[in-house]
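So the structure is just underneath, and the comments pick up after that.
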Number of protein chains: 2
Amino acid sequence: MTDAPARRQATIEDVAQAAGVSRAAVSKVLRNAYGVSDGMRERVTAAMTQLNYRPRIAARAMRGRTYTLGIELPDLSNHFFARIARGATAALDGTSYQLIIAPAEAGSREGMRALDALVDRQVDGVIAVSPRVDEARLERISASVPVVMFGRHDTSDRYDVVAGDDAAGGRAVMTHLLGLGHRRIAHLTLHESGAHEPFPHGVRLREYEAAMAAAGEDTVVWRTDEGETASYEVVRRMLADGSPMTAVFAAHDELAFGAMRAAAEARVPLAVIGYDDVPMASHPALGLTTVHQPGEAMGARAVEMLLERIAGRTEAAREIFDVELKVRTSAGAPAA
Amino acid sequence: MTDAPARRQATIEDVAQAAGVSRAAVSKVLRNAYGVSDGMRERVTAAMTQLNYRPRIAARAMRGRTYTLGIELPDLSNHFFARIARGATAALDGTSYQLIIAPAEAGSREGMRALDALVDRQVDGVIAVSPRVDEARLERISASVPVVMFGRHDTSDRYDVVAGDDAAGGRAVMTHLLGLGHRRIAHLTLHESGAHEPFPHGVRLREYEAAMAAAGEDTVVWRTDEGETASYEVVRRMLADGSPMTAVFAAHDELAFGAMRAAAEARVPLAVIGYDDVPMASHPALGLTTVHQPGEAMGARAVEMLLERIAGRTEAAREIFDVELKVRTSAGAPAA
DNA sequence: GTGAAAGCGCTAACAA
DNA sequence: TTGTTAGCGCTTTCAC
């Protein structure tokens, strides 16, 4: 009861007193600003470690930087997003910046709440991964903080863009399937995706439609909610209803896994192709043919762009990453 | 060039002026504190929406709460952790709190840096998932902010604990394998796990050893780095070296998938059991027998504990979740 | 029911 | 080279 005085976190003032210098001096050492003698730096550093001092980010925020970058992620269950985050985290290694992830909860208006939360916390830069965040709000946000949009195929002079080459990826899938002789090919995508939209799934859908039109075939678009389970249900129902499709181009790997499961269960030969190349896709038991996107590199590049902006760049940047079709085979499934 | 005046974010002062009231009044409306007339509330609210006002969290942090809970996650590639985060996010839905995730980068001292980053940002509560964070530091941190440790099986009166029943899970796995007639069973775990440690992998290892001893068999522990790929490499090498094992108990599903891949490639009949029950485990092409942990519920409970602490609870809490062995079969693999 | 004012921990301009 | 000081935006007594 007598020991352990309710211990307050040490402040810059405490450090200053312990070292016998002014707050400004400590602050300078902290930011290693110009004009500090070696002796002083030493005493201050000693006091800091002794007091276990850690600068409060909130106090810094009130004067400028927070040394924090934020990334908004729509779906932690999708391994591709984890790769982006991993690349972003790694790119910050060794810098004084920290990455924080704001998960967009399922129901919310597509990540707007998570994005706002990041901005409210005054991050020094934001990466937005949910495609359909409100355009106007995004423009406004990017007036006050650097923004990188992931996967958008339109352009803005306000924010930067990192995306995969979805058009090339979509074409590669369709060329491959048509080359294999498939004609009755369905596209499996989320309910909300529209072919006119400049988002990854929109572009993939557009390429599907274009390729089918060029081949003189009718398009068949299957719609599903997010996730392997929902995808499975949709495809199961389609197959049970006697769908004559021989192949499915799924908008991403999770959906593809669901489709594979439904086909395997129904013992229907259905060639399934995915998108993203999540780790499980290359497992021999699955052997999912898919389009590889360099998620880590893309995440790292997004962080670089933010750091460039913070360092002063003002023109908008934009980088489209090459993708690559990975052709794989699995035990029971038909050629895809 | 003439329009768009460098727009500053609206502050509480701006709102006060627009509404013709004092800053204090606005603050009260914001926190809906006692003593505000309806008329005033209305004018203030109007001014807020009109100016698009959003309170700065950093400024709030200097006086108290940040309305932010932080969770430190060791490995975004592991789907089980994504489930925890999902449960935690969902539990915060509808509250004024926001969850932020700090990813622990691979090399760092097991999440300490990420934890510190969270504390530096003055989150109102922390969930730590990396098992081997520095004990002393943890105690110190929990003096200033509520902490929930995930998966620890020792006790502390400083922080709360949420864990799965790893002892029961480990026993279930071993009982199952031994019941199937397996005798040469290896345990596949990470390099750093020790049987004496009160962490999930330590407990699982201990149960493995105990069961083998009880069965009068020698223990064989295979060590690997984190991840499916590393696990695959290790098991591939073991099989190539002519290991006589007929079954493997993997410390978690990712490692199990790697083992399955190695066995499939080597065409060696190897029964593999995992832990966690990530979504892919139930895919029929994989059919991984594994121990199910209710990740979402565990994440949600951790958040609840934090909110209880914030609301004033002072005694330490501790909850161990039941787990369940899921027996599955896949096409090519031997009974597991 | 409403407002004045102090102060949280830090940075940076300026003075010494 | 070092120290003084004015805020940053908010919450919270405490008067009125």
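Numbers restart at 1 for each chain; the letters A, B, ... are given by sequence-line order, proteins then strands.
Rounding to whole angstrom units, CG of residue Asn32(A) and P of dA12(C) are separated by 12 Å. Atoms CD (Gln17(B)) and C1' (dG3(C)) sit 14 Å apart, rounded to a whole Å. One can place CD of Glu13(B) at 12 Å from C1' of dA4(C), the figure rounded to the nearest angstrom. Rounding to whole angstrom units, CD1 of residue Ile12(B) and P of dG3(C) are separated by 13 Å. When the P atom of dC8(D) is taken as reference, atom CG of Asp14(B) falls 11 Å away, rounded to whole Å. One can place CD of Gln122(A) at 9 Å from P of dC10(D), the figure rounded to the nearest angstrom. As rounded to whole Å, 12 Å separates atom C1' of dG1(C) from atom CG of Asp38(B).
Residue Ala25(B) is in sugar-phosphate contact alone, with no base atom involved, counting any heavy-atom pair closer than 4.0 Å across all strands shown.
With distances taken from any side-chain atom of Leu30(B) to the nucleotides dG3(D), dT11(D), dT11(C), the minimum falls on dT11(D). Set against dG9(D), dT2(D), dA4(C), the side chain of Ala59(B) has dG9(D) as its closest nucleotide. The side chain of Arg63(A) lies closest to dC8(D) when the candidates are dA12(C), dC8(D), dT11(D). With distances taken from any side-chain atom of Met62(B) to the nucleotides dG9(C), dT1(D), dA12(C), the minimum falls on dG9(C). Checking dA5(C), dG1(C), dG9(D) against every side-chain atom of Ser37(B), the shortest atom distance belongs to dG1(C). In this structure, of dT12(D), dC10(C), dT2(D), it is dC10(C) that holds the atom nearest to the side chain of Arg56(A).
In terms of phosphate contacts, Arg60(A) brings a side-chain nitrogen or oxygen within less than 4.0 Å of OP1 or OP2 of dT11(C). Distances shorter than 4.0 Å separate none of the side-chain N or O atoms of Thr11(B) from OP1 or OP2 on dG9(D). The shortest distance between the side-chain N/O atoms of Tyr67(A) and the OP1/OP2 oxygens of dC10(C) is not below 4.0 Å. Put simply, Ser27(B) has a side-chain N or O that comes within less than 4.0 Å of OP1 or OP2 on dT11(D). At dA12(C), one or more side-chain N or O atoms of Arg31(A) fall inside 4.0 Å of OP1 or OP2 (strictly under the cut-off).
Remark: the Ser37(B) side chain and the Arg41(B) side chain contain no N/O donor-acceptor pair separated by less than 3.5 Å.
The residues Asp116(B) and Arg54(A) are annotated as salt-bridged, a charged nitrogen and a carboxylate oxygen being separated by less than 4.0 angstrom. Between Arg309(A) and Glu304(A) there is no salt bridge, since no side-chain nitrogen of the basic residue lies less than 4.0 Å from a carboxylate oxygen of the acidic one. Look at Arg318(A) and Asp160(A) and you find no salt bridge, because none of the NZ, NE, NH1 or NH2 atoms lies under 4.0 Å from a carboxylate O. The residues Glu135(B) and Arg152(B) are annotated as salt-bridged, a charged nitrogen and a carboxylate oxygen being separated by less than 4.0 angstrom.
Take the nearest nucleotide of DNA chain C for Lys28(A) and for Arg23(A): the residue whose nucleotide is more 5' is Arg23(A).
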